[in-house]
Amino acid sequence: NSPAEGSQTKFGNAAITGGYLQLTPEANSQQGTLVVSNPNAYNSGQLKTEFDLYMGGGAGPADGFSVSYADDIPATPSGNENGLGSKLQIRFRTYSGAGGTCAQAISVWYGGTQIGSCYGANSTWRNAWVHVTISVNSSNQISLTVGANNYLITTALPAGYGTADKSTWKWAFSARTGGADDNHWIDNLAITDYGQFEYSADGSSWQNTTSFTKTAGTYSIYMRNKAN
């Protein structure tokens, strides 16, 4: 489901401008974060999050952007290209002087452990709008597409992801600049949670799929949230 307005909170320099969400302008020492909460308490492991991303225009560039999905996003987050919370993080880092792994590349992390490699030199996804798709399937495998590049394809997440209760998890979209800068913008954000409903052909026996084996006849089909 696309995030409802009431489930979104902006922090720092984050603001709607020009029809898109500006996390930081092209200026030094800026930071901004959008947090999307989970008002329906969906325990969502199978999901797809997609949006359009623009990073560029700055002198530097710096410092980057991140997407996080976790139960411990800070209550008042500060912009951070290295992610927020301690669970799933997708980092888009751009500053050449940054230390650590994947200083000018995309990387995926869970619980502080990197998944896969460093992907896509920042020249391939800066200074143009690119569509980003993050998806996790029912087998807890993550895929990441940025523009025309498939950087991760059904790569297993750690076992802790599948067993975690995600009913209080939130999404955070965050960016920061320092002594060098960039614009960090997102648009057309859509978050889809799968597997939240169960189905019945008699109102008493429930299943996860919409396929039923019945004798020929007319039936009413029931649907309910799994939390019921």
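None of the values given here were measured: they were computed from a predicted structure.
- Between S68 and I73, the shortest heavy-atom contact is CB-CD1, 4.0 Å.
- The cluster map of Ile, Leu, Val, Met, Phe, Trp and Tyr, joined by side-chain heavy atoms under 4.5 Å apart, puts F92 and I134 in the same cluster.
- A distance of 8.5 Å separates OG of S174 from CZ of F65, quoted to the nearest 0.5 Å.
- Pairs of residues two or more places apart, or lying in two chains, never qualify as disulfide bond (SG atoms under 2.5 Å apart) while including a residue from residues 22-78.
- A side-chain donor-acceptor contact under 3.5 Å links D165 to the backbone of S167.
- Put simply, I106 and L88 are part of the same group of oily side chains (I, L, V, M, F, W, Y) that touch within less than 4.5 Å, one to the next.
- Considering only heavy atoms from C-beta on, K166 stays 4.5 Å or farther from S44 through its side chain.
- Within a 6.0 Å sphere centred on CZ of F51, heavy atoms belonging to other residues, nucleotides or ligands number more than 12.
- Screening N188, D187, D52 for a side chain to side chain donor-acceptor pair (under 3.5 Å) with H131, the sole residue that qualifies is D52.
- Taking 4.5 Å as the limit, every side-chain heavy atom of Q89 sits out of range of all side-chain heavy atoms of S66.
- With hydrogens and angles disregarded, a donor-acceptor distance shorter than 3.5 Å links the side chain of T177 to the backbone of A27.
- Y69 meets the ring pair (Phe, Tyr, Trp, His ring centres under 6.0 Å) test with W169, W171; sequence neighbours excluded.
- Residues R93 and N82 share a closest heavy-atom pair of NE-OD1, 3.2 Å.
- A side-chain donor-acceptor contact under 3.5 Å links S37 to the backbone of S7.
- What you find for N13 and P25 is that their closest heavy atoms are CB-CD, 4.4 Å.
- Summarising the geometry, atom CG belonging to L21 is positioned 4.5 Å from atom CD1 belonging to I16; distances are rounded to the nearest 0.5 Å.
- Once rounded to the nearest 0.5 Å, the distance linking OH of Y199 with CH2 of W206 reads 10.5 Å.
- Side-chain N or O atoms of T133 include none that pairs as donor or acceptor with a backbone N or O of E50 at under 3.5 Å.
- Sorted by first and then second residue, the pairs that involve residues 14-121 and meet disulfide bond (SG atoms under 2.5 Å apart), not counting sequence neighbours, are C102-C118.
- Side chains of T24 and D181 form no contact here, defined as non-hydrogen atoms less than 4.5 Å apart.
- Partner of T168 under the side-chain contact (heavy atoms from CB on, under 4.5 Å) criterion, chosen from N38, D71, N43: D71.
- Looking at residues two or more places apart in sequence or on another chain, you find a ring pair (Phe, Tyr, Trp, His ring centres under 6.0 Å) between Y54 and W129, W185.
- Contact of the V108 side chain with the Y151 side chain is not registered, since no non-hydrogen atoms from C-beta on lie closer than 4.5 Å.
- Taking CD1 of I153 as the start and CD of Q141 as the end, the distance is 11.5 Å to the nearest 0.5 Å.
- Among residues two or more places apart in sequence or in another chain, the ring pair (Phe, Tyr, Trp, His ring centres under 6.0 Å) test is passed with F11 by none.
- The closest side-chain heavy-atom distance from L189 to F173 is below 4.5 Å.
- Between the N183 side chain and the G56 main chain, a donor and an acceptor come within less than 3.5 Å of each other.
- T145 and N150 share a donor-acceptor pair across their side chains, judged by distance under 3.5 Å alone.
- For the residue pair N140 and G162, the shortest heavy atom distance occurs at ND2-CA, 3.4 Å.
- Following chains of ILVMFWY side-chain contacts shorter than 4.5 Å, one can reach I90 starting from Y119, so the two form part of one hydrophobic cluster.
- Judged as a salt bridge (Lys or Arg N to Asp or Glu O under 4.0 Å), and not counting sequence neighbours, the contacts of R176 are D63, E81.
- For the residue pair T94 / N122, no side-chain donor-acceptor distance below 3.5 Å is found, with atom types taken as modelled.
- P77 has its side chain within reach of V35: a pair of non-hydrogen atoms, C-beta onward, lies under 4.5 Å apart.
- The minimum heavy-atom distance between S86 and A70, with the atom names listed, is N-CB, 4.1 Å.
- Between the CG atom in L157 and the OG1 atom in T113 there is a gap of 11.5 Å [rounded to 0.5 Å].
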Query raised in the report: Between K87 and Y110, is a side chain to side chain contact (heavy atoms under 4.5 Å, CB included) present by the stated rule, with each step listed?
Result: CA-CA 5 Å; K87 303 301 191 297; Y110 187 86; 3.7 Å; yes
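- Under a hydrophobic clustering in which Ile, Leu, Val, Met, Phe, Trp and Tyr are joined whenever their side-chain heavy atoms come within less than 4.5 Å, directly or via other members, Y20 and I186 fall into different clusters.
- With values rounded to the nearest 0.5 angstrom, Q46 atom CD is found 5.0 Å from S138 atom OG.
- Across all non-hydrogen atoms, the minimal contact from A201 to K214 is CB-CE, 3.6 Å.
- Under a cut-off of 6.0 angstrom, the local environment of NZ in K170 is sparse, with at most 12 non-hydrogen atoms contributed by other residues, nucleotides or ligands.
- Grouping the Ile, Leu, Val, Met, Phe, Trp and Tyr side chains by contacts below 4.5 angstrom, directly or via other members, places L84 apart from I115.
- Taking the side chain as every heavy atom from C-beta outward, M55 and W125 approach each other to under 4.5 Å.
- Between F212 and I221 the shortest side-chain heavy-atom distance falls below 4.5 Å.
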